[in-house]
Amino acid sequence: MSSSYLPATTDSIALALEAKDPSEAISILYRVLDDPSSSPEALRMKEQAITNLSDLLRQENRGEDLRSLLTQLRPFFSLIPKAKTAKIVRVVIDSVAKIPGTSDLQIALCKEMVQWTRAEKRTFLRQRVEARLAALLMESKEYSEALSLLSGLVKEVRRLDDKLLLVDIDLLESKLHFSLRNLPKSKAALTAARTAANAIYVPPGQQGAIDLQSGILHAEEKDYKTAYSYFFEAFESFNALEDPKAVFSLKYMLLCKIMVNQADDVGGIISSKAGLQYVGPDLDAMKAVADAHSKRSLKLFEVALRDYKAQLEDDPIVHRHLSSLYDTLMEQNLCRLIEPFSRVEITHIAELIELPIDHVERKLSQMILDKKFAGTLDQGAGCLIIFDDPKTDAIYPATLETISNVGKVVDSLYVRSAKIVA
């Protein structure tokens, strides 16, 4: 940073915009911030300089410089209204968030700002930075720290009745409990978010996030039709805002179609006017899974999982449902293949289904234990022996029913005799 300052005027801002390269523009904007003037016009120009500087530092991927910028601006924050301070802090933190691979830096920055806001007694800003910190901790899988931070924050915000922030916190709490696989608490937090949202105007992006979380929870309960409607609502909200989350909503819509055996609809949704905007690896992955499901082909299913690992297996929501679908598909195929046999080599089944022998053997043993069919594995001979379905003799249920009726008659006679003796 240069020791000489530039006056905080529109000319100085224009000079930075006309600079030949970003480094020169950044240097000019730093010099504008060094202007000691605190007139209303100078303060307004400095705010503009901070916004421009944040954008330039983000474009240059200078995350550490953004972090130090917030520290350098603390004396300036005492000269402007608290609402403007909160806006600038959020702008700088958002700029750091747009730089790839800065999760740890964002967490450290938020923690620094929480300490500063506590010292300055800026409650409004602290609560929002803490909510942002909890979201970052959840993304970093530091669930216990995020949960303890949120539990205290929820009580504080409910006491102040800040409904807009409360919606954010309740939604975040729902996501956190879902990550911890605590579905009852996740649903309770989502209900609280919806209740708070009903009392105020909720921006479309936030409403989309609520619908997306609702769809995820309904899908977890295997209610895919309701989940689809929520994902559709979320998609419409994000699509109108051109939010990147729209593609995830569309992806989960396609997942619901596949899970309810309507894989043939996937191609139509992708080729629709809205779907064509988001054609890419995510939709290609779902199309490949839909094709495999339509053809009942485990081989195509495994090819899709391998070719689109990032879009399918690395997405925990999609992966969980596709694992269930894969198991069901494999069981159906195995039952169909072994149906004509009473004794068959496992290698032959593996060849027919085009999967590794150990994989097939493990699945067959699991199916026997789950009583999907009656049989046993002869591992010495490498064979599967299928038993005939035992036919239940109708006389046994009839005999049990007769004995039960006789028992009732005896009990009734006993009660009557007891009354006579009495």
Check whether the ring centres of [X] and [Y] lie less than 6.0 Å apart, and answer yes or no.
X	Y	answer
F301	H293	no
Y252	F232	no
Y224	H321	yes

Nearest heavy-atom contact between A134 and L149 is N-CD2, 3.8 Å

R320/E313 salt bridge by N-O under 4.0 Å criterion = no

In terms of side-chain geometry, is the basic nitrogen of E221 or K187 positioned less than 4.0 Å from the acidic oxygen of its partner?
-> yes

Validation row: F387, T376 side chains within 4.5 angstrom (heavy atoms) | yes

Test item: R126 and E156 side chains (from C-beta on) under 4.5 Å apart, heavy atoms | yes

Assign the ring pair Y278 / F235 to parallel, tilted or perpendicular, where the plane angle (0 to 90°) is split at 30° and 60°.
-> perpendicular

Scan V344, N333, L337 and name whichever one has a side chain to side chain contact (heavy atoms under 4.5 Å, CB included) with L352.
-> L337

Looking at F341, does the NZ or CZ of R343 lie under 6.0 angstrom from its six-membered ring centre and within 45 degrees of the ring axis?
-> no

Check whether NZ of the Lys or CZ of the Arg R128 lies under 6.0 Å from the centre of the six-membered ring of F124 and within 45 degrees of that ring's axis.
-> yes

Can you list the residues that meet the salt bridge (charged side-chain N to carboxylate O under 4.0 Å, His left out) rule with [X], with sequence neighbours excluded?
X	answer
D358	none
E145	K111
D284	none

Salt bridge (charged side-chain N to carboxylate O under 4.0 Å, His left out) evaluation trace for E130 with R118 | CA-CA 11 Å; E130 281 186 338; R118 282 189 187 280; 2.8 Å; yes

Donor-acceptor under 3.5 Å (S404 side chain, L400 main chain) = no

Within a reach of under 6.0 Å around NZ of K287, are more than 12 heavy atoms found that belong to other residues, nucleotides or ligands?
-> no

